[in-house]
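Letters A, B, ... are given to chains in the order of the sequence lines, protein chains preceding strands, and every chain is numbered from 1.
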Number of protein chains: 4
Amino acid sequence: MNLSETKRELILDAALVLFVDRGFDGTTVPMISEKAGVGAGTIYRYFENKEALVNTLFQECVGELIETINDGYPRTSDDLREQFGHIANQVIRYAKKNLNALLFLDSHTNGHYLDEASREAYMRLRTFLCEFIERGQKNKVIRPLPADALIALMDGAFIALNKCIKAGEIEETPELLAGVKEACWDAIRIH
Amino acid sequence: MNLSETKRELILDAALVLFVDRGFDGTTVPMISEKAGVGAGTIYRYFENKEALVNTLFQECVGELIETINDGYPRTSDDLREQFGHIANQVIRYAKKNLNALLFLDSHTNGHYLDEASREAYMRLRTFLCEFIERGQKNKVIRPLPADALIALMDGAFIALNKCIKAGEIEETPELLAGVKEACWDAIRIH
Amino acid sequence: MNLSETKRELILDAALVLFVDRGFDGTTVPMISEKAGVGAGTIYRYFENKEALVNTLFQECVGELIETINDGYPRTSDDLREQFGHIANQVIRYAKKNLNALLFLDSHTNGHYLDEASREAYMRLRTFLCEFIERGQKNKVIRPLPADALIALMDGAFIALNKCIKAGEIEETPELLAGVKEACWDAIRIH
Amino acid sequence: MNLSETKRELILDAALVLFVDRGFDGTTVPMISEKAGVGAGTIYRYFENKEALVNTLFQECVGELIETINDGYPRTSDDLREQFGHIANQVIRYAKKNLNALLFLDSHTNGHYLDEASREAYMRLRTFLCEFIERGQKNKVIRPLPADALIALMDGAFIALNKCIKAGEIEETPELLAGVKEACWDAIRIH
DNA sequence: TATGAATGAGCTTTCATTCAT
DNA sequence: GATGAATGAAAGCTCATTCAT
């Protein structure tokens, strides 16, 4: 890893935290440069402008999340419960590694500054999850509700859980994670 | 109907839509004044500044939601299922009347521009829901998970559902609403 | 005196006080209307705009001061000491009646908002005083210094004296006034 | 010479001239930036806001005037005439170097925008002059009039004299300066 | 006649972006 | 490559002025 790769990372990391805390429009370039410990002008050596920065960040976060979920995904299995478990485990793993990335994705999916590539990247993630939902619905395992609603339901639970963990309000234990996973599964499956 | 009351409403309505679409920092005062069909200066006759506007909006939305939920709430009942049903029905009713208000609340609860009064108003809503959750947990009816996570789970489902309805992707039917309600209940209750 | 004459006076009186305290540019029309106890729009029934108001005020103040000084002025006398005494007495009388008017004149003579008529009115006052000075210089009674400097010298003394009296720092007594008059006279005369 | 020091000076110099000509409230930031030959935003790199600019300017001008007067002041002398002569000479020297600074101080001492530090700085100057006056009054050399009035008297003379010189109406000669000094002295001393 | 709600031009200020160093 | 001083477009906001009542 060379030095400027490091600088690029510093900028992305600083931006991520600030975007989560204050949103894209509430974050100024000087804020990012200060938190990153680089000059304001340096940001423009790595990103064309502020919008390019947020889009790069978004696409990298989505890409990494998709990769994480895909990693070891039991594609051939027809046990939806098992597939669900894998997805949940990997999302938890992703959050553990970079919680802010998950929060960033959650809160920036509708940003007016997202470009086509970002929207497409996000679509790939969404499509993946929708396909899972629809397969389950075809198999009469998952409720016949809008996929968006079911995804949001799971999403909301994981995000909130992780916020609690981040805020130190609750302790992360295997039982807790298992409980949330079960709650989500109970929410979307047919009883 | 008082005319200036109307103008105040025009501003609040325009701001609500824009805040939902673009966030507080991404919305400019000229945008609001144009959408409201009033002069930019007029906004400052009704609100001290942009922050006061967003806080007024937030507090009014929270207040109305709390009022809606409280309206006819079966307080004395010890049937948690019935109480849950009431809350869900009233949130759905609120969303039907003013979906943007619900989306606005959902996306602005952590804004760096919210003042003490707004945070307190939101706390009242949250406390109400937490008490419901905790009562259920004491009675071994609701899962022993962090209340925040369970609330977010329900929240996420309703918000996403309503977004789908708004976008015209799905049709709002009694069956659909019943399904989401059941999904939420299944997510939080002990099986 | 009819009612609207009264309103016009209320506006001029309020403006006078505010212009003295905060200057022309530091005084807003709403400030004037509030202090005058009239609606903001009413001001525009009596004065074309804010500049017309300050110019009217200026011209009326200058006019009244000139009138006061001229009243009983020993024009034919060749006793400069007596003429000086008369001028000083009348300025004191004017200040006693309307101190703010004197302070207003003193602090607004170079305003960028003064129109031709105001400048001319002020010129008449200045010319009058200059002629007095020059007559005294011709008679070798008054020092051969620039008239402006001598006038400013007297001016400064009277203004400051009156500010002290206004602020309640000192008491206005015949001895005090006599003292200031004498000091001024000693400043400008040849010893 | 430090370049940014230069830019700061450019801004202060431009502001000084405009404040003298049009007052604080009559001077806009774009006016200052244009006269200074810098961008409007640049002003805010050196001064927190317009008020901070005028206060910095005020305090620097007062400080320099106090320093000038103190420079070589015959503190131990009990010859009041000599001390007066020194003060007068130094004020003349100060005015010669930067007439606008003197005019600025004269016209901005009561500004509603002055902060505590500015008022204190001005108080130091005023206290110094008052002490001189009071010493003279104790020694029965200076008239028993309010110090403010006597100071204003001298002030007015010097300011007006310098305005005349600036306007080119009169020529600055040793005789002229000596005359004004003598006039002032005659005004405040007991005969 | 008197009003004050409404306006928009223009103010103060911020901040994404550039560029000389 | 890296910087941060400098910029000016555009933000938030004020206020002289108008006009329907």
**Request:** Would you give the length of the straight line joining atom CG of Asp13(B) to atom CD1 of Ile32(B), rounded to the nearest 0.5 angstrom?
**Result:** 12.0 Å

**Asked** Once you round it to whole Å, what is the distance between C1' of dG12(F) and OH of Tyr113(B)?
**Response** 17 Å

**Prompt:** Could you give the CZ-to-C1' distance, from Arg8(B) to dA5(E), as a whole number of Å?
**Reply:** 16 Å

**Asked** Considering residues at least two apart in sequence or located in another chain, which fulfil the side chain to side chain donor-acceptor pair (under 3.5 Å) criterion with Ser107(B)?
**Response** none

**Message:** Ignoring hydrogens, what is the shortest heavy-atom contact between Leu114(D) and His108(D)? Give both atom names and the distance.
**Reply:** CD1-O, 3.2 Å

**Complete:** Assign each of Ile43(A) and Ala40(B) the nucleotide of DNA chain F bearing its closest heavy atom; nearer the 5' end lies the nucleotide of Ile43(A)

**Request:** Take atom CD1 of Ile32(C) and atom P of dG4(E), then tell me their distance rounded to the nearest Å.
**Result:** 16 Å

**Message:** Looking only at the side chain of Arg45(C) (C-beta and beyond, no hydrogens), which of the listed nucleotides dT3(F), dG4(E), dA2(E) gets closest?
**Reply:** dA2(E)

**Message:** Over all strands shown, is Ser33(D) touching base, sugar-phosphate only, or nothing at heavy-atom distances under 4.0 angstrom?
**Reply:** nothing

**Message:** Set out, in order, the CA-CA distance, both residues' side-chain angles and the distance that settles side-chain contact (heavy atoms from CB on, under 4.5 Å) for Leu102(D) and Asn98(D), then state yes or no.
**Reply:** CA-CA 7 Å; Leu102(D) 197 65; Asn98(D) 194 350; over 6 Å; no

**Prompt:** What is the distance, rounded to the nearest whole Å, between atom OH of Tyr46(D) and atom P of dT13(E)?
**Reply:** 18 Å

**Item:** Spacing between Lys7(A) atom NZ and dA2(F) atom C1', to the nearest angstrom
**Value:** 6 Å

**Asked** How close or far is atom P of dA11(F) from atom CD of Glu51(B), stated in whole angstroms?
**Response** 17 Å

**Prompt:** For the atom pair CG (Leu10(D)) and NZ (Lys35(D)), what is the distance rounded to the nearest 0.5 Å?
**Reply:** 12.0 Å

**Item:** Residue matched to dC19(E) through Watson-Crick or wobble contacts both under 3.5 angstrom
**Value:** dG4(F)

**Request:** Tell me whether the OP1 or OP2 atom of dC15(F) has a side-chain N or O from Tyr44(B) closer than 4.0 Å.
**Result:** no

**Request:** Verify salt bridge (Lys or Arg N to Asp or Glu O under 4.0 Å) between Arg8(C) and Glu60(C), making sure each step is shown before the conclusion.
**Result:** CA-CA 13 Å; Arg8(C) 189 175 176 281; Glu60(C) 289 194 3; 2.9 Å; yes

**Request:** Would you kindly compare Gly37(C) and Gly39(B) by the position of their nearest DNA chain E nucleotide and give the one closer to the 5′ end?
**Result:** Gly37(C)

**Request:** Let me know the distance between CD of Glu34(D) and P of dT7(F), rounded to the nearest Å.
**Result:** 13 Å

**Request:** Please determine, for the side chain of Thr42(D), which listed nucleotide (dA16(E), dA6(F), dA5(F)) has the closest atom?
**Result:** dA6(F)

**Message:** Judged by each residue's nearest nucleotide on DNA chain F, which is more toward the 5′ side, Asn49(B) or Glu48(C)?
**Reply:** Asn49(B)

**Asked** Of the nucleotides dC13(F), dA2(F), dA6(E), which has the atom closest to the Lys50(B) side chain?
**Response** dC13(F)

**Request:** Mind checking Thr28(D) for me? I need base, sugar-phosphate or nothing, with any heavy atom below 4.0 Å counting as a touch.
**Result:** sugar-phosphate

**Request:** With sequence neighbours left out, write down each residue that passes ring-ring contact (aromatic ring centres under 6.0 Å, His included) with Phe19(A), or none if nothing qualifies.
**Result:** Phe24(A)

**Residue Val38(D), side-chain heavy atoms: nucleotide from dT17(E), dC11(E), dT7(F) that is nearest** = dT7(F)

**Request:** Please list residues of residues 11-21 of chain C whose heavy atoms come under 4.0 Å from any atom in DNA chain E, ordered by number; otherwise none.
**Result:** none

**Message:** Does Val29(B) reach a base, just sugar-phosphate, or nothing at all? Heavy atoms under 4.0 Å.
**Reply:** sugar-phosphate

**Message:** Can you see whether Gln59(D) engages Asp115(D) through a side-chain donor-acceptor pair at a distance of less than 3.5 angstrom?
**Reply:** yes

**Leu53(A) CG - dT17(E) C1' separation (whole Å)** = 14 Å

